[in-house]
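Below: the structure, in structure tokens.
Convention: sequence-line order gives letters A, B, ...; per-chain numbering from 1.
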Protein chains: 2
Amino acid sequence: MPDAPEVPRPDADDEDDARIVEAVIYLYTESRRLTKELARAFGLTGPQVTALKLLDAMGGMSLSDLSARMSARNSTVTGIADRMERDGLVERQRDENDRRVVRIRLTPRGRALSRQIPVESMEVFGAALRALDPKDRRDLRRILRRLSDRVEEEVKKTERHLEQVAEGDAP
Amino acid sequence: MPDAPEVPRPDADDEDDARIVEAVIYLYTESRRLTKELARAFGLTGPQVTALKLLDAMGGMSLSDLSARMSARNSTVTGIADRMERDGLVERQRDENDRRVVRIRLTPRGRALSRQIPVESMEVFGAALRALDPKDRRDLRRILRRLSDRVEEEVKKTERHLEQVAEGDAP
DNA sequence: GCGGGATATTTCGCATACGAAACTTCTCCC
DNA sequence: GGGAGAAGTTTCGTATGCGAAATATCCCGC
């Protein structure tokens with residue numbers, strides 16, 4: 001679905017905003033789609049490739065760290081790790097010092113597979129960025145930063161409001 | 001999981017790129033999370049709110065059109081429509097002229113619910129954009145546009161390469 | 001008017017994805 | 001040092017999300 005964050009509004013002035021939003025959505029979904037496509041060529045899924053590459057780069061990490069790096073919840077990554085373990089790509093090992101922690105490492109097979117997957121293909125985004133004018137790149141970073149800050153503010157504001165709105169429940 | 005499209009690279013210069021990518025991901029996931037949170041207050045899910053608002057605005061549409069507007073596949077939206085129908089929010093009706101087509105309309109209940117959901121909460125992104133300096137907004141649009149074009153080019157290039165890489169399959 | 005390809009939707013199997021609850025282990029405070 | 005609470009992981013239930021295959025219908029050419 002990806003809940004398209006924008007809903008049609010008749011206002012004329014918002015055309016520009018809509019285009020910016022579309023661009024952000026496009027960039028996100030496209031890079032996601034590409035990872036998935038790349039993964040498929042190696043019999044993997046998108047998140048599995050992400051995990052494989054992260055584990056290869058970091059040489060093993062806790063499940064929580066892996067979750068954080070993948071911007072996903074622990075309960076989600078547990079499942080991904082399960083399937084990768086089933087396929088012999090990773091191993092789980094209880095941490096000796098803190099037995100709550102599960103360390104996840106690549107098996108030799110997982111490592112070999114990771115090395116076969118070209119990184120360049122995952123970097124379409126980076127390549128496009130490097131192709132930008134240096135000044136544009138600086139501006140982009142600055143503006144996006146500012147935009148993120150504003151969104152963060154709005155979020156806090158909205159979240160307070162939301163609690164008051166939630167009167168008319170349904171199903 | 002959202003397959004984070006970026007993978008750690010040791011290069012020093014890429015810090016900036018990483019930050020841009022992070023910002024894009026942040027903006028996307030945040031607006032998605034907000035829709036979800038808003039939805040929850042009304043006993044719905046993110047995509048359901050999106051569908052509800054679209055159907056309210058358009059006054060009923062075919063499943064394919066709805067899918068397109070939601071940037072999702074038909075098979076995905078079928079499920080969403082199923083659950084909304086189960087909850088009495090929408091109705092399916094075969095199109096008389098073209099009996100392959102299924103028209104989806106809000107029930108009175110669905111319409112009432114839609115009207116209760118404030119649109120503003122879905123527009124955190126828009127509000128943040130409007131708060132930007134006009135020049136920044138113009139620049140942002142221009143640069144994102146250029147970036148999208150470059151990504152599109154890269155995608156085409158990569159996709160051709162991908163077919164050659166796909167030798168070493170796995171699991 | 002009929003046969004074959006195109007189009008719209010659903011079904012099926014699988015992998016994410018999340019939140020809440022359950023469990024284990026750790027930590028800190030008294 | 002013992003218990004309360006915190007932290008890390010898993011389990012469970014539900015909802016997306018996709019692609020491939022099955023179904024139903026349309027449409028086009030002949």
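Here the side chain of Asp98(A) is nearest to one of dT25(C), dT10(C), dT16(D), namely dT25(C). Comparing atom distances between the Ser75(B) side chain and each of dT16(D), dC18(D), dA15(C) picks out dC18(D) as nearest. Comparing dT9(C), dT9(D), dT16(D) by their nearest atom to the side chain of Val101(A) picks out dT9(D). Checking dT10(D), dT16(C), dC18(C) against every side-chain atom of Gln48(A), the shortest atom distance belongs to dT16(C). Nearest to the side-chain atoms of Ser64(A) among the listed nucleotides dC18(C), dT9(D), dT9(C) stands dT9(D).
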Run Met61(B) and Ile104(B) through side-chain contact (heavy atoms from CB on, under 4.5 Å) and show every step you take. CA-CA 6 Å; Met61(B) 51 205 311; Ile104(B) 302 186; 5.8 Å; no
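Take Glu91(A) and apply the side-chain contact (heavy atoms from CB on, under 4.5 Å) test, not counting sequence neighbours, and it matches Arg105(A), Thr107(A). Every side-chain contact (heavy atoms from CB on, under 4.5 Å) that Glu85(B) has, sequence neighbours left out, goes to Val90(B), Arg92(B). Scanning for side-chain contact (heavy atoms from CB on, under 4.5 Å) contacts around Arg83(A) gives Gln48(A), Ile80(A), Arg86(A), with sequence neighbours left out. For Asp65(B), there are no salt bridge (charged side-chain N to carboxylate O under 4.0 Å, His left out) partners at least two apart in sequence or on another chain. Under the side-chain contact (heavy atoms from CB on, under 4.5 Å) criterion, Ser114(A) pairs with Leu52(A), Lys53(A), Asp56(A), Leu106(A), not counting sequence neighbours.
Rounded to whole angstrom, the span from the CG atom of Leu63(B) across to the C1' atom of dT10(C) amounts to 9 Å. Distance CD (Glu96(A)) to P (dC26(C)): 10 Å, rounded to an integer number of Å. If you take CD of Glu85(B) and P of dT9(C), they are 14 Å apart, rounded to a whole angstrom. A straight line from CG of Asp95(B) to C1' of dA8(C) spans 11 Å, rounded to a whole angstrom. Atom CZ in Arg40(B) sits roughly 13 Å away from atom P in dT16(D) (whole-Å rounding). We find that CZ of Arg94(B) is positioned 12 Å from C1' of dC26(D), with the value rounded to whole Å. As rounded to whole Å, 11 Å separates atom C1' of dA8(C) from atom CG of Asp65(B). Between the CG atom of Leu66(A) and the P atom of dT10(D) there is a distance of 11 Å, given to the nearest Å.
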Check nucleotides 1-7 of chain C for protein N or O atoms closer than 3.5 Å to its own N or O atoms and list the pairs.
{"unit_1": "dT7(C)", "atom_1": "O4'", "unit_2": "Arg100(B)", "atom_2": "NH1", "d": "3.2"}
{"unit_1": "dT7(C)", "atom_1": "O2", "unit_2": "Arg100(B)", "atom_2": "NH1", "d": "3.1"}

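Looking at heavy-atom distances under 4.0 Å, Arg103(B) makes no contact with the nucleic acid at all.
Comparing Asn97(A) and Arg83(A) by the nucleotide of DNA chain C that holds the closest heavy atom to each, the one mapping nearer the 5' end is Arg83(A). In terms of position on DNA chain D, the residue among Ala81(A) and Arg99(B) whose nearest nucleotide sits closer to the 5' end is Ala81(A).
Between Arg86(B) and the phosphate of dA15(D), there is a side-chain N or O to OP1/OP2 separation shorter than 4.0 Å. Side-chain N/O atoms of Thr76(B) include one lying less than 4.0 angstrom from OP1 or OP2 on dC18(D).
The shortest heavy-atom contact between Thr35(A) and Gly46(A) is CG2-O, 3.8 Å.
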